[in-house]
Amino acid sequence: MAMSGFEGFEKRLELHFFGDDPVMVDNNLGLRLLGFESLEQVLNAVQCTVVSAVANQYFDAYVLSESSLFVYPTKIIIKTCGTTQLLKSIRPLIHYACNLGLTLCSCRYTRGSFIFPKAQPFPHTSFKEEVIYLEETLPTNLCYRKASVMPSKMTTHSWHVFAASDQSHVIPKDIYTLEVCMTELDRVLARKFFQPPGGTKSGDIAGKEMTKITGIGDINPRAMICDFAFDPCGYSMNGVHNDRYSTIHVTPEDGFSYASFECVGSIYDDDIEHLVGSLRKAVQVFRPGTVSVSTTCSSHEVWTRVAHALEPLGLKCRSCAADEFPATGSIVFQTFTARRK
């Protein structure tokens, strides 16, 4: 196998469940009743561990050795980078959820294009393999299924989507998810995500400093931040604000530098303009040469604002692709490159 660097591009899995026992779900518990040992078993299958955690009344947010995990009463989002085997989390999660009286009703798997595809283990060796694995793993009640590779003008950037749902799953019209992937980070800014050689700070303390000096803490000042710095380099954070999360992950090494920013919200928020500000601030932390943005939302209110956020930073929209998916609504995939290129 050729030498490869660390794979920054994440795989992301979102699973929704339903239960017949209203007490479980209404009390904001549901999947949050999963014991930590059960979560560890799931992450074991994926090959990563929890390094830090924070919770509020709505959900639990975990920073992982490779990215993030969010547990809500009826949905789970796992996002992992490197050579993790994310799809291997599905079977144990269905099993543990079943013990809580919860049944899987929809699934969405998304990822960009790996920088080092040959280093990926089964079932992530190709999108075709991933789709076969998903088709075989998901229960038959998820009868609506669709797989698609959304293209861009750059062969190095495409967006892979697999979505499945049962007959009952209704898409909330207002909720959006923004998944931003950035490559060719500004070298000077990327250096801020390296720890000084021989440094003795813990990951938590070094992480807090990085959050502060990079401006990440200003992206959403209202959020409670759980952050972690890796040794010798790399950084992760989860931001928690009411029932919304945001998350940032950084692989700063030159030659395969990568950063991701993800957030969720509602078009009814008074702060849809706040989204433009957050997106702009997040991208300014890294000044990337190339950015891709995947917007999942039933409404057109969100993706049309992405270019407004990025163009003032000198990023030009190079491509835009859109598609519809079960239990997901529409996904719009846009790519931008710095005009300096």
Side-chain angles (χ1 to χ4, degrees), residues 10-80 84-109 134 137-142 163-166 168-172 175 177 223-228 236-247 262-266 327-328:
E10 299 97 350
K11 317 162 179 95
R12 180 189 186 277
L13 182 67
E14 181 170 327
L15 301 173
H16 289 249
F17 297 82
F18 72 93
D20 296 328
D21 182 353
V23 176
M24 285 274 288
V25 178
D26 295 347
N27 290 349
N28 266 345
L29 294 169
L31 295 163
R32 300 178 73 187
L33 290 171
L34 283 178
F36 190 64
E37 296 71 34
S38 302
L39 283 180
E40 279 186 313
Q41 288 294 311
V42 171
L43 296 172
N44 229 353
V46 176
Q47 297 195 319
C48 60
T49 55
V50 170
V51 296
S52 193
V54 67
N56 66 11
Q57 71 192 82
Y58 300 101
F59 69 106
D60 307 319
Y62 299 88
V63 174
L64 306 178
S65 53
E66 278 88 357
S67 308
S68 294
L69 162 69
F70 303 100
V71 182
Y72 287 80
T74 60
K75 76 175 172 195
I76 271 190
I77 294 145
I78 314 189
K79 185 169 182 169
T80 62
T84 48
Q85 295 165 287
L86 177 60
L87 296 179
K88 291 193 175 175
S89 65
I90 297 176
R91 276 195 184 102
L93 280 172
I94 291 173
H95 169 76
Y96 290 126
C98 184
N99 291 345
L100 295 170
L102 294 165
T103 308
L104 186 67
C105 57
S106 84
C107 161
R108 175 163 99 244
Y109 174 67
L134 281 156
T137 306
L138 293 172
T140 50
N141 67 310
L142 271 59
S165 88
D166 67 7
S168 66
H169 193 77
V170 184
I171 311 157
I175 302 297
T177 306
M224 168 168 63
I225 290 182
C226 180
D227 39 21
F228 195 85
S236 286
M237 72 74 90
N238 292 331
V240 168
H241 179 237
N242 296 336
D243 60 347
R244 314 281 161 78
Y245 69 84
S246 58
T247 182
E262 177 181 328
C263 64
V264 290
S266 162
T328 299

Subject >> Step-by-step side chain to side chain contact (heavy atoms under 4.5 Å, CB included) determination, L15 to L93 >> reply: CA-CA 9 Å; L15 301 173; L93 280 172; 3.8 Å; yes

Output the distance between atom [atom1] ([X]) and atom [atom2] ([Y]), rounded to the nearest 0.5 Å.
X    : Y    : atom1 : atom2 : answer
C263 : H241 : SG    : NE2   : 13.0 Å
E262 : E10  : CD    : CD    : 8.0 Å
I76  : D60  : CD1   : CG    : 9.5 Å
T103 : F18  : OG1   : CZ    : 4.5 Å
L31  : S38  : CG    : OG    : 11.0 Å
Y72  : I77  : OH    : CD1   : 5.5 Å

Any side-chain to backbone donor/acceptor pair from [X] onto [Y]? Under 3.5 Å, distance only.
X    : Y    : result
T247 : M237 : yes
N141 : C105 : no
S67  : L64  : no
Y109 : L86  : no

Enumerate, atom names and distances included, each donor-acceptor pair closer than 3.5 Å involving a side-chain atom of residues 43-56, sequence neighbours excluded.
{"unit_1": "T49", "atom_1": "OG1", "unit_2": "S65", "atom_2": "OG", "d": "3.4"}
{"unit_1": "N56", "atom_1": "OD1", "unit_2": "Y58", "atom_2": "N", "d": "2.8"}
{"unit_1": "N56", "atom_1": "OD1", "unit_2": "F59", "atom_2": "N", "d": "3.0"}
{"unit_1": "N56", "atom_1": "ND2", "unit_2": "N242", "atom_2": "O", "d": "2.7"}

Original post:
Taking the side chain as C-beta and beyond, is there a heavy-atom pair between Y62 and L39 under 4.5 Å?
Top reply: yes

Original post:
Are any of the side-chain heavy atoms of L29 and P73 separated by less than 4.5 Å?
Top reply: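 Contact flag for L29/P73 side chains = no.
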
Original post:
Which pair of non-hydrogen atoms, one from P139 and one from L104, has the smallest distance, and what is that distance?
Top reply: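 Taking P139 first and L104 second, the nearest heavy atoms are CD-CD2, 3.9 Å.
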
Original post:
Taking all non-hydrogen atoms of both residues, which atom of C226 and which atom of V63 are closest, and how far apart?
Top reply: O-CG2, 3.7 Å

**OP:** List the steps, then state whether side chain to side chain contact (heavy atoms under 4.5 Å, CB included) holds for H16 with R108.
**Re:** CA-CA 9 Å; H16 289 249; R108 175 163 99 244; 5.6 Å; no

**OP:** Apply side chain to side chain contact (heavy atoms under 4.5 Å, CB included) to A163 and list each qualifying residue two or more places apart in sequence or on a separate chain.
**Re:**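 A163: side chain to side chain contact (heavy atoms under 4.5 Å, CB included) contacts with F325, P326, T328.
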
